[in-house]
Amino acid sequence: EPEVTQTPSHQVTQMGQEVILRCVPISNHLYFYWYRQILGQKVEFLVSFYNNEISEKSEIFDDQFSVERPDGSNFTLKIRSTKLEDSAMYFCASSGDSLETQYFGPGTRLLVL
Amino acid sequence: ELKVEQNPLFLSMQEGKNYTIYCNYSTTSDRLYWYRQDPGKSLESLFVLLSNGAVKQEGRLMASLDTKARLSTLHITAAVHDLSATYFCAVDTYRRSQGNLIFGKGTKLSVKP
């Protein structure tokens, strides 16, 4: 069964460093999303992406964040200058249609020291 | 602002018992989703409820949606230990966006023998 994959599974970085989280959505999907979950808390929407551009972003998704689909398969989330409060599990999700179920990847656990 | 509230947030059940998790949301929505998350894992889609009065069942879980009351329920029948997990409901804000999901805080379910 097709699934969303994410790399790395864990990332430790120093405050102020740039990180890139990678996702490979399900191959025929058109809508892509990033969410994050701070430990023990609820899942929060960051950004949605369709047709090679951002569809919507939340207040969390400030100028330090960017997304890109550099080729036909990858979907990346970049945090330019990480802060301690960026420590969280970051989930990528994709769907074939914005009306359908979103399928979540396994997540990348980011720890900012 | 769309708000999604779940209750209870913590639920300890004995095997064989029945219980219901409630999900209220604050504004009109097109779709409601239920996800399951095991500790340290990703989110697994359980149900997508698309219209008022929708009811879906899978095994010991049954979900329903009342769009007029802005309420969804997840009913657990004859709980077993394998159902121990955190259950999230999420509401789709499609009418205002490309389908980003707003999640509740989750209900942590523990089923004890």
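Convention: sequence-line order gives letters A, B, ...; per-chain numbering from 1.
Atom-to-atom distance recorded for B/S45:OG and A/Q102:CD is 9.5 Å, nearest 0.5 angstrom. Taken from CD in A/E44 to CG in B/N100, the straight-line distance is 12.5 Å, to the nearest 0.5 Å.
Looking at every heavy atom in both residues, B/S42 comes nearest to A/P106 through CB-CA, 3.7 Å.
A/Q37 touches chain B through its side chain: at least one heavy atom from C-beta onward sits under 4.5 Å away, while N, CA, C and O do not.
Residue with the most contacts toward chain A among B/F47, B/Y35, B/F103, B/F88: B/F103 (heavy-atom pairs, distance under 4.5 Å). With chain B as the partner, the residue from A/L46, A/V43, A/V47 showing the most heavy-atom pairs under 4.5 Å is A/V43. Between chain A and the residues B/K105, B/Q6, B/K108, B/K41, the largest count of heavy-atom pairs under 4.5 Å involves B/K105.
Residues A/L110 and A/V4 do not share a hydrophobic cluster, clusters being chains of Ile/Leu/Val/Met/Phe/Trp/Tyr side chains in contact below 4.5 Å. With hydrophobic clusters built from ILVMFWY side chains whose heavy atoms lie under 4.5 angstrom apart, A/I26 does not share a cluster with A/Y31. No chain of hydrophobic side-chain contacts below 4.5 Å, direct or via other Ile, Leu, Val, Met, Phe, Trp or Tyr residues, connects B/M62 to B/L32. Linking Ile, Leu, Val, Met, Phe, Trp and Tyr residues whenever their side-chain heavy atoms come within less than 4.5 Å places B/L46 and B/V80 in a single cluster. Hydrophobic clustering (side-chain heavy atoms under 4.5 Å, transitive across Ile, Leu, Val, Met, Phe, Trp, Tyr) groups A/V67 together with A/I60.
Through chains of ILVMFWY side-chain contacts below 4.5 Å, B/L9 is grouped with B/F10.
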Review point. Would B/L101 and A/Y35 satisfy side chain to side chain contact (heavy atoms under 4.5 Å, CB included), going step by step from the backbone distance to the final call?
Key: CA-CA 9 Å; B/L101 299 181; A/Y35 294 83; 3.4 Å; yes

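Within residues 78-93 of chain A, the residues having any heavy atom under 4.5 Å from a heavy atom of chain B are, by residue number, A/M89, A/F91.
Atom CG of A/D63 has 12 or fewer heavy atoms from other residues, nucleotides or ligands within 6.0 Å. More than 12 heavy-atom neighbours from other residues, nucleotides or ligands sit within 6.0 angstrom of CZ on A/F65.
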